[in-house]
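The block underneath contains the structure these notes are about, expressed in structure tokens.
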Amino acid sequence: MASPGSWLRMMRAGFVLLRYDALIPKEASHHLPAVPRALAGLLRLVFSRRSHLRPGERYAIAFQQLGPAFIKLGQVLSTRGDIFGEQFIRDLSHLKDSLPPFPKAVAEASVRESLGKPVESIFAEFGEVIGSASIAQAHEAVLHDGRKVAVKILRPGIEDIIARDIDMLTLGAGLLAFVSKNSRRLEPKAFVETVATSLRLELDLRLEASACDEIGKIINGEPWMSAPAVVWHQVSRRVIVTEWAKGTPLSRAEALDLPGLDRKELADNLIRAFLSQALDHGVFHADLHEGNLFVTAPAHLTAIDFGIVGRLRPKERRYLAEMLWGFLRRDYKRVAEVHFEAGYVPSHHNVDSFAQALRAVGEPVLGQKATEVSMGRLLTQLFEITAQFDMHLRPELVLLQKTMVSVEGVARRIYPEHNLWEAARPVVKDWIARELSPLVEAKRLLEKLVERLNHEPADRDLLLQKHSESLRSDIRRGQGLAVAALIVSCAALAVMVWLVVRA
């Protein structure tokens with residue numbers, strides 16, 4: 001049962017959004033029917049005090065006042081200039097790494113308490129704030145051995161703030177599911193639980209250090225991106241020290257004007273780095289907004305801040321890859337089949353009808369420049385299709401979907417004509433060749449067969465017949481069956497965000 005504090009916090013959130021005309025903004029009220037439009041106008045008249053500001057300015061102020069959960073939402077919105085407009089995302093941009101910092105003296109006290117040593121005994125120099133986000137802030141420093149490092153420190157009292165935010169979000173999800181039957185398809189409770197788990201993990205910087213080390217080894221072994229090393233003997237629950245990330249923060253305007261920068265290749269490298277992490281390794285950096293990326297010419301990226309990590313089991317990686325490959329080959333029937341095999345579409349629907357719907361979405365997009373695709377219109381189509389085929393939000397894919405929305409938005413900002421599908425092709429093609437070749441499929445099926453026979457000797461003859469038929473079928477299919485996109489499973493999360501701003 002929700003506490004009184006959660007109800008009060010939700011009421012405060014509603015009041016703040018109304019005060020800044022960010023709940024039912026005037027720019028979107030014309031989409032409403034007459035009676036709700038009149039009610040929205042009355043609420044605006046009574047509560048709004050900053051309606052003269054631009055929409056992005058109003059949302060930025062409101063989100064900043066409401067704390068980490070809303071700031072995270074603002075960071076996702078700020079990557080989608082193609083949906084909300086360039087001015088809107090510029091107004092939100094400071095939510096990435098330019099929030100008001102806490103004093104340097106407080107930071108030094110936290111380092112001393114967390115690491116058990118005076119700051120001067122750890123660092124030859126301990127500088128001012130270089131970035132301040134919703135949960136932590138970073139300082140530039142130099143170790144006594146001469147290495148330049150970044151010191152990340154949790155905000156004081158952030159644990160209590162996050163706990164209250166989670167309680168409020170849980171209450172809001174329950175209310176939404178209760179009052180709106182249509183919202184239940186988006187699984188608001190499961191969505192909030194996934195977000196809550198991610199937020200809780202961010203509050204222990206030892207886990208971030210572990211993720212940085214794990215994913216860093218993956219990233220540094222590939223050509224598209226790099227990650228700084230962890231200074232392990234200076235890590236605690238509230239403090240983490242990493243080697244300095246080279247380059248210019250992508251959140252700065254000058255980053256895309258660096259001499260010799262290849263913006264197309266840079267955008268391609270971002271997509272390929274993310275897909276390689278997700279498909280090849282099943283673990284990925286799940287917070288790839290501009291504030292966590294540094295750029296060096298001609299086209300290299302360095303990622304920082306590994307507080308949010310996504311993981312995919314082999315089964316989900318295979319479904320994702322098969323869907324992507326199917327879209328790239330315009331094999332909509334196979335994309336539809338994979339959705340049914342994964343359980344993303346209820347079995348009572350017709351595969352061919354779903355393939356037809358996917359074709360209607362995919363054909364206007366594939367092969368087009370990003371500037372020629374209306375993301376708002378595309379998201380509307382996807383939302384309609386997911387509703388028509390009773391598709392529910394998949395909690396295990398929430399971080400993947402959220403990251404894909406952000407990454408594609410950042411890639412478009414780097415290179416406005418970016419083609420996501422062509423950037424994805426080499427990574428997906430290599431994965432298919434490696435993981436879904438007839439030989440690999442035969443080996444996988446034989447291993448399953450041996451395992452089952454060892455456990456169920458009584459059914460041996462039946463299993464041999466069943467699996468040999470499956471094996472022959474898979475070998476005939478061979479490499480042509482494969483990989484896929486997120487484009488439909490992404491829709492639920494992306495549209496929820498879109499509807500908040502665009503009504």
- Can D91 and Y59 be said to form a side-chain contact (heavy atoms from CB on, under 4.5 Å), step by step? CA-CA 8 Å; D91 291 336; Y59 274 91; over 6 Å; no

Can you tell me how far [atom2] of [Y] sits from [atom1] of [X], rounded to the nearest 0.5 angstrom?
X: S226; Y: L301; atom1: OG; atom2: CG; result: 8.0 Å
X: I135; Y: I71; atom1: CD1; atom2: CD1; result: 9.0 Å
X: L293; Y: I304; atom1: CG; atom2: CD1; result: 8.0 Å
X: D268; Y: L420; atom1: CG; atom2: CG; result: 9.5 Å
X: H418; Y: I271; atom1: NE2; atom2: CD1; result: 5.0 Å
X: T403; Y: I308; atom1: OG1; atom2: CD1; result: 8.0 Å

Donor-acceptor check, side chain of [X] to backbone of [Y], threshold 3.5 angstrom: yes or no?
X: T197; Y: E193; result: yes
X: R9; Y: M168; result: no
X: S121; Y: K117; result: no
X: H139; Y: G127; result: yes
X: R58; Y: L53; result: yes
X: D262; Y: A297; result: no

- Neighbour count above 12 (heavy atom, 6.0 Å) for R425 CZ: yes

What I want to check is whether the side chains of [X] and [Y] have a donor and an acceptor closer together than 3.5 Å.
X: H281; Y: E222; answer: yes
X: Y20; Y: E57; answer: no
X: R155; Y: S132; answer: yes
X: Q65; Y: R19; answer: yes

- Task: Determine the sole option in R237, R164, R200 for which the salt bridge (Lys or Arg N to Asp or Glu O under 4.0 Å) test with E159 is passed.
- Result: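 Among the candidates, only R237 passes.
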
Lys/Arg N to Asp/Glu carboxylate O, [X] vs [Y], below 4.0 Å:
X: K152; Y: D305; result: yes
X: E243; Y: K148; result: no
X: K402; Y: D287; result: yes
X: D213; Y: K217; result: yes
X: D280; Y: R317; result: no

Does a side-chain heavy-atom distance below 4.5 Å link [X] with [Y]?
X: W244; Y: V149; result: no
X: V410; Y: L250; result: yes
X: V239; Y: Q234; result: no
X: W224; Y: V427; result: yes
X: P68; Y: D165; result: yes
X: W7; Y: L171; result: yes
X: L400; Y: F284; result: yes
X: I162; Y: L203; result: yes

- Task: Under the side-chain contact (heavy atoms from CB on, under 4.5 Å) rule, what do V231 and T242 come out as? Steps first, then yes or no, please.
- Result: CA-CA 5 Å; V231 182; T242 62; 5.8 Å; no

- Query: Would a line drawn from the ring center of H285 to the ring center of F274 be shorter than 6.0 Å?
  - Reply: no

- Task: Run the numbers on R318 and W431 for side-chain contact (heavy atoms from CB on, under 4.5 Å), then give the verdict.
- Result: CA-CA 9 Å; R318 177 168 176 162; W431 192 95; 4.0 Å; yes

- Message: For a salt bridge (Lys or Arg N to Asp or Glu O under 4.0 Å) check, start with the C-alpha distance between R412 and E408, then their side-chain angles and the critical distance, and finish with the verdict.
- Response: CA-CA 6 Å; R412 282 175 176 248; E408 201 235 343; 2.8 Å; yes

Ignoring hydrogens, what is the shortest heavy-atom contact between [X] and [Y]? Give both atom names and the distance.
X: I153; Y: S110; value: CG2-OG, 3.5 Å
X: H300; Y: P223; value: ND1-O, 4.1 Å
X: N269; Y: A299; value: ND2-O, 2.7 Å
X: A209; Y: V230; value: O-CG2, 3.6 Å
X: S236; Y: S114; value: OG-CB, 3.1 Å
X: P298; Y: L261; value: O-CD1, 3.3 Å

- Task: Starting from the C-alpha separation in whole Å, work towards a yes-or-no answer on side-chain contact (heavy atoms from CB on, under 4.5 Å) for E108 and E113.
- Result: CA-CA 9 Å; E108 291 176 336; E113 180 181 351; over 6 Å; no

- Item | Step-by-step salt bridge (Lys or Arg N to Asp or Glu O under 4.0 Å) determination, E214 to R311 | CA-CA 12 Å; E214 177 187 4; R311 295 186 184 275; 2.8 Å; yes

- Query: Can you say whether the rings of F123 and F126 are parallel (under 30°), tilted (30 to 60°) or perpendicular (over 60°)?
  - Reply: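 Plane angle between 30° and 60°, so tilted.
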
